[in-house]
Amino acid sequence: MSEIIKRKNSQIIGMNLTELEDLSEEFSQSRFRGKQLFNSVYKQRTDSFNNINTLPIVFRDILLEKFVLHPLLFIKKTGSDSELTQKYLFQLSTQEKIESVLMYEEKRVTLCVSTQVGCAVDCKFCATAKMGFIKNLTAGEIIDQYLIINNSIDKEITNIVFMGMGEPFLNYQQVINAAMLFNHKDGINLSSQRITISTVGIIPKINQYSEEGHKYKLAISLNSNHQKQRVQIMPISKTHSINDLIKAVWHHYKKTKRLVTFEYVLMENVNDSIADAKRLINLIGDLPCKVNVIPYNEIDGPFKRPSEEKINKFVNQINNSNFIVTVRWSKGTDINSGCGQLAVLES
Ligand code: SAH
């Protein structure tokens, strides 16, 4: 129990440079020690305070006594048939569990991180929604998914997608803090173009994101081509309408000149007809963007993946448009680690 209390209040991973400099000062060390600590944690990716040789022993002892390094505890890894996708299960210091998915694709190693335990958004087709909302993750709990996994594999993770459990823009500040830590040049140093944040479309937060001028890639789970249909599968559209969403993306483009990627999960007899494709083209108009079609990954429930023929017809239809179209055939569906299949149902 004492370990849990200790873990809860004093985790080093997740602290930014200023916080580590302040912490060093608090324990009568120079601010430079904070820089060294930052470097050891995020760049050298040390696994123990004992190994940080650059710090004086007295400071290392303070860290050992008063802090823990990792906010997360690794529980288990599940490999897919192809071994190109792996699902990792972690436990928070408050006992809840989360999942992350690691995907190997040629030279790219992509980690899909969770941002919340469960999700409040209630998209009708998504497994995470079935968990309900349990809690927000801290920046440390988000970053630690990367640090623990990266330390345990032979290759280096090259890309981060905030597309695991949860809605990133309902945990905005912690997600941005985590993205900044992924990107920090004296730490993990992943380019902003290798970091993607995906949202269902929380309009005020998209606007805030555009105003703040962040450079990380933005993806939006559109999944529909008109308001009535979107309300049915994504009830959040009652508050954040599809037209307001398109306006917010226009604003983002004008402000940043960066292209958003719309994700469009293709579900049989829901949004996969030729008429749907035409409405989608009309909805987007000449908004500069990309569209990523995701054939539905089946979970318990009424939704089905369209046949390959129907998927191809839909994609061919929207290929006649101004935007760039890609198709994401999710990996790891045999271990329930495809898009929208993450749900920790075991206790
Ligand atoms: N809440 C955020 C982050 C999760 S990203 C968001 O929705 O953007 C997960 C992506 O997988 C989203 O684009 C979502 O629409 C999609 N998705 C959800 N359930 C799915 C399923 N069963 N099959 C395929 N994609 C799914």
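What you see is a predicted model, and the numbers here were worked out from it, not measured in a lab. Numbering of ligands and ligand atoms starts at 1, following listing order.
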Here's one to test your reading of the geometry: is the NZ or CZ of Lys77 within 45 degrees of the ring axis of Phe74 and under 6.0 Å from its centre?
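Because its charged atom misses either the 6.0 Å distance or the 45° angle limit, Lys77 does not stack over Phe74.
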I need the atoms of ligand 1 closer than 4.0 Å to a non-hydrogen atom of [X], numbered in the order shown.
X: Asn223; answer: 15 (O)
X: Gly164; answer: 4 (C)
X: Val265; answer: 15 (O), 16 (C), 17 (N), 24 (C), 25 (N), 26 (C)
X: Phe125; answer: 15 (O), 18 (C), 19 (N), 22 (N)
X: Glu263; answer: 13 (O)
X: Thr199; answer: 6 (C), 8 (O)
X: Tyr296; answer: 21 (C), 22 (N), 23 (N)

Between [X] and ligand 1, which residue portion shows a heavy-atom distance shorter than 4.0 Å: side chain, backbone, both, or neither?
X: Glu167; value: both
X: Ala127; value: neither
X: Phe303; value: neither
X: Asn297; value: both

So between Gly166, Ser221, Ala120, Ser198, whose heavy atom ends up nearest atom 1 (N) of ligand 1?
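Answer by nearest heavy atom: Gly166.
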Relative to atom 9 (C) of ligand 1, which among Met165, Gln341, Met163 owns the nearest non-hydrogen atom?
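Comparing heavy atoms across Met165, Gln341, Met163, the nearest one to atom 9 (C) of ligand 1 lies in Met163.
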When you compare the side chains of [X] and [Y], does any donor N or O come within less than 3.5 Å of an acceptor on the partner?
X: Asn16; Y: His184; result: no
X: Gln229; Y: Ser224; result: yes
X: Arg33; Y: Ser24; result: no

When you compare the side chain of [Y] with that of [X], does any pair of heavy atoms fall below 4.5 Å?
X: Tyr264; Y: Leu266; result: yes
X: Phe49; Y: Phe59; result: no
X: Tyr104; Y: Lys155; result: yes

Cluster link Leu342 to Ile134, ILVMFWY, side chain under 4.5 Å
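They do share one cluster, since a chain of ILVMFWY contacts under 4.5 Å joins Leu342 to Ile134.
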Can you get from Val101 to Ile148 by hopping between Ile, Leu, Val, Met, Phe, Trp and Tyr side chains that sit under 4.5 Å apart?
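Val101 clusters together with Ile148.
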To which protein heavy atom is atom 18 (C) of ligand 1 closest, and what is the distance rounded to 0.1 Å?
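Residue, atom and distance for the closest contact: Gly340 CA, 3.3 Å.
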Where is the nearest protein heavy atom to atom 24 (C) of ligand 1: which residue, which atom, and how far?
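Result for atom 24 (C) of ligand 1: Cys339 O, 3.3 Å.
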Which heavy-atom pair separates Leu170 from Asn136 by the least distance, and what is that distance?
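Closest pair (atom of Leu170, atom of Asn136, distance): O-OD1, 3.7 Å.
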